[in-house]
Amino acid sequence: MELQIDDAILVRDYMKGDERALELLINKHNQRLSSFIYSKVKDREATEDIFQDTFMKVIRTLKRGAYNEEGKFLSWVMRIAHNLIIDHFRRNKRMPKFQSNGDFNIFGVISDDELNVECQLIKDQIDCDLGQLIEELPEDQKKVLLMRIYKNMSFKEIAENTGVSINTALGRMRYALINIRKVIEKHDIVLTN
Amino acid sequence: MEHIYIKDNTHCELVKTRPSRIRFLLDYSKSLNIIEHHGVTFESNLN
């Protein structure tokens, strides 16, 4: 039976210079991370390239001592891999371009409303980032924002549900947006597709 | 009677990165040397 050592211990040992700890970390997360990457890119070679680039970033960050262990090693690594997958799709825009030279353009008739894989990944990331920003808001502002944006409720309904006046609900929504913008600007967060 | 095989799409395919790539990463780690001097970080690969 293989002994599973906690990530935090392995990271600490590696940062102290124990190279064997890195081997254990890589082998421990190999299948999970590789399968995650493969589920997105559907290509074995690209999967291994991204896996390699991910751990090269991990190694550099750990060796610089720039990693702050908060018990979230795997989610941090997955996040790096996720960003590299997005880069991969940006680099490989392999969709053939259709050049129309006549009056009729087939793409004017056929349309696909679904996002492509790259846009979907970026959208997922933005949704995730936005969710975290909303979580940071004061409770009253968060409640109004969630009801308005995610539940599509009118301000009248929000006011009735929260037991405040419409003006108060409007004010809370306004402050919620101001606060989110402040955090976005402060941390240079990019929330565009 | 002919069997009908249904492809189960609910499970993701499990893959693993090959040992040669892992070997590369371990060698890369051993060769990488990072020094910080007066707030400037220098990276070098020792062969």
Side-chain angles (χ1 to χ4, degrees), chain A residues 2 10-67 73-74 77-78 80-82 84-85 88 117, chain B:
Chain A
E2 197 181 331
L10 292 170
V11 169
R12 186 199 62 200
D13 290 352
Y14 176 64
M15 288 171 86
K16 281 182 183 170
D18 180 3
E19 294 287 336
R20 170 86 184 128
L22 177 70
E23 191 175 353
L24 291 171
L25 270 174
I26 294 175
N27 286 327
K28 186 177 173 188
H29 300 300
N30 183 351
Q31 183 168 292
R32 192 162 174 189
L33 186 64
S34 299
S35 301
F36 166 71
I37 300 166
Y38 184 72
S39 72
K40 307 287 181 201
V41 299
K42 300 284 181 202
D43 180 279
R44 288 299 291 266
E45 278 302 315
T47 297
E48 295 204 351
D49 285 347
I50 294 170
F51 181 91
Q52 185 179 299
D53 289 348
T54 301
F55 267 100
M56 283 173 80
K57 274 183 184 257
V58 168
I59 289 166
R60 278 207 301 276
T61 308
L62 293 181
K63 286 228 169 188
R64 277 205 310 267
Y67 175 70
F73 176 76
L74 184 60
V77 175
M78 297 284 248
I80 295 172
H82 186 266
L84 288 172
I85 291 166
H88 164 80
V117 180
Chain B
M1 197 170 157
E2 193 183 351
H3 283 285
I4 299 168
Y5 294 98
I6 300 166
K7 193 178 173 188
D8 187 356
N9 290 325
T10 56
H11 297 101
C12 71
E13 195 175 336
L14 295 176
V15 293
K16 265 188 160 186
T17 293
R18 282 171 292 184
S20 57
R21 294 273 190 162
I22 293 168
R23 188 75 257 152
F24 168 82
L25 284 167
L26 298 174
D27 290 342
Y28 170 75
S29 169
K30 280 177 193 159
S31 70
L32 182 66
N33 192 29
I34 297 178
I35 309 157
E36 196 176 316
H37 184 70
H38 288 294
V40 184
T41 307
F42 297 95
E43 282 187 21
S44 58
N45 283 90
L46 309 167
N47 283 314

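Bear in mind the structure is a predicted one, so any value in this text is a computation, not a measurement. Below, read A as the first sequence line, B as the second, and so on, with proteins coming before strands; counting in each chain starts at 1.
- Between the side chain of A/Lys63 and the backbone N or O of B/Ser29, at least one donor-acceptor pair lies under 3.5 Å.
- Taking chain B as the reference chain and counting heavy-atom pairs below 4.5 Å, the highest number among A/Asp49, A/Leu62, A/Thr47 is found for A/Asp49.
- Neither the backbone nor the side chain of B/Glu36 has a heavy atom closer than 4.5 Å to any heavy atom of chain A.
- B/Leu25 contributes atom CG, which lies 4.5 Å from atom CD1 of A/Ile26 (distance to the nearest 0.5 angstrom).
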Run B/Arg18 and A/Phe51 through side-chain contact (heavy atoms from CB on, under 4.5 Å) and show every step you take. CA-CA 10 Å; B/Arg18 282 171 292 184; A/Phe51 181 91; over 6 Å; no
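- Take B/Arg23 and apply the salt bridge (charged side-chain N to carboxylate O under 4.0 Å, His left out) test, not counting sequence neighbours, and it matches B/Asp27.
- Closest of all the heavy-atom pairs between B/Lys16 and A/Glu48 is O-OE2, 4.0 Å.
- Qualifying side chain to side chain donor-acceptor pair (under 3.5 Å) partners for A/Gln52, counting only residues two or more places apart in sequence or in other chains: B/Arg21.
- Using modelled atom types, no side-chain atom of A/Gln31 and backbone atom of B/Leu14 make a donor-acceptor pair closer than 3.5 Å.
- For residues 14-22 of chain A, heavy-atom neighbours of chain B at less than 4.5 Å comprise A/Tyr14, A/Glu19, A/Leu22, sorted by residue number.
- Remark: A/Ser34 engages A/Asn30, B/Thr17 in a side chain to side chain donor-acceptor pair (under 3.5 Å) (not counting sequence neighbours).
- When each of B/Ile35, B/Ile34, B/Asn33 is scored by its heavy-atom pairs under 4.5 Å with chain A, the top score falls to B/Ile34.
- A/Arg32 CZ: 12 or fewer foreign heavy atoms inside a 6.0 Å radius.
- Of the atoms belonging to A/Arg60, heavy atoms from both backbone and side chain fall under 4.5 Å from chain B.
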